[in-house]
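Heads up: the structure comes next, in structure tokens.
Here, residue 1 is the first one in the sequence, and each next residue gets the next number. Only a predicted model underlies this, so the values are computations on that prediction, with no experimental measurement involved.
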Amino acid sequence: MGSASGLANGQGRHPLFSFGVIADVQYADIPDGHSFLGVPRYYRHSILVLQRAVKSWNNQKNLNFAINFGDTVDGHCPKDQSLNAVKKVVGEFENFNGPVYHMIGNHCLYNLPRDKLLPLLKIPNLGGGHAYYDFSPAPEYRFVVLDGYDISAIGWPHDHPNTLEALKFLREKNPNSEKNSPEGLKGLDRRFLMFNGAVGKQQMEWLDGVLQDATNSKQKVIVCCHLPLDPGTSSREALLWNYDQVMDVIHRYHCVKVCLAGHDHEGGHSIDSHGIHHRVLEAALECPPGTDAFGYIDVYDNMLSLVGTDRMKSTNITFHP
């Protein structure tokens, strides 16, 4: 871990609470490979990064929980190994001395359908296979975990209305026969790829209700989603299809202070037009052997302090309480 402690980062104050973070483990028991862009990927090493993360979090002794930002296993994992691979990674998370909150990513859904995946990740079931939920670790804060593959061509049964809606959307937005190709798409339209997804109408109404309730309770909100929600913090190819609609809902309120995400492996940090910070976390998958990407976040009344390890950049995020 970095040398900075919560005490130092908080100008002598103790944090309200602290939590561990890791993104895009994408474990598979296969030889190393590369992304579409030629970036090396270390499929077997990534679980070692997770093991070191859990050990480090436990050594901190003051972390209240941890969050896994999705893509627990990789899409290249042989399908007859998918179930055991997910169980193996979840088993490593369970070595953490506290609760772990998971969210689903596209690579999770390449391996297992939602009905099998959600129970393994202990994602609260709000009914209908949805994977969005909220929790409050302290009276002052609420976490909102979005399901970025609510409307998606992956993970739902082939004849499910959400699958059909996603396929229709992709046909309209992406003329390529290969729907994971952004070829010919311009600017922000490059996000209309099959490995991304959208937040559906029901989830949007739920989000609005949760933010209204948080406002009434005078809680600050941290939004978590596998897919990034701001073009300034990630590549255009990694954005949630309807990030703009989601942010329209979020911007109606003043309670959301930070949006955290994974998916875009390089990581990033931006501040949007309404002063909300967006931080995309660097991927565990792309750590060469012997290197790491994980961290923990100390939470204060007016600040989040991400203490990163190695490839995960430390970041101080300040805001008006």
Might you work through the side-chain contact (heavy atoms from CB on, under 4.5 Å) test for R114 and Y149, ending with a clear yes or no? CA-CA 10 Å; R114 283 173 174 263; Y149 293 90; 3.8 Å; yes
Check against side chain to side chain donor-acceptor pair (under 3.5 Å), D208 and Q212: CA-CA 6 Å; D208 189 64; Q212 181 66 62; over 6 Å; no
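When E237, H226, H263 are each tested for a side-chain hydrogen bond (donor to acceptor under 3.5 Å, both in side chains) with N196, only one passes: H263.
A salt bridge links E286 and R41; the closest N-O separation between the charged side-chain nitrogens and carboxylate oxygens is under 4.0 Å.
Minimum heavy-atom separation, H76 to D74: N-OD2, 2.8 Å.
The stretch residues 91-107 participates, sequence neighbours left out, in these salt bridge (Lys or Arg N to Asp or Glu O under 4.0 Å) pairs: E94-K122.
Contacts of F19 classified as ring pair (Phe, Tyr, Trp, His ring centres under 6.0 Å), with partners at least two apart in sequence or in another chain: F65, F143.
Between the side chain of K186 and the main chain of G184, no donor-acceptor pair closer than 3.5 Å is present. Side-chain atoms of S136 come within 3.5 Å of backbone N or O of Y141 as a donor-acceptor pair.
No side-chain heavy atom of V90 sits under 4.5 Å from any side-chain heavy atom of K87. With a 4.5 Å cut-off on side-chain heavy atoms, F192 and E172 do not count as touching. The shortest side-chain heavy-atom distance between P231 and L239 falls under the 4.5 Å cut-off.
Remark: K79 NZ is packed, more than 12 non-hydrogen atoms of other residues, nucleotides or ligands lying under 6.0 Å away.
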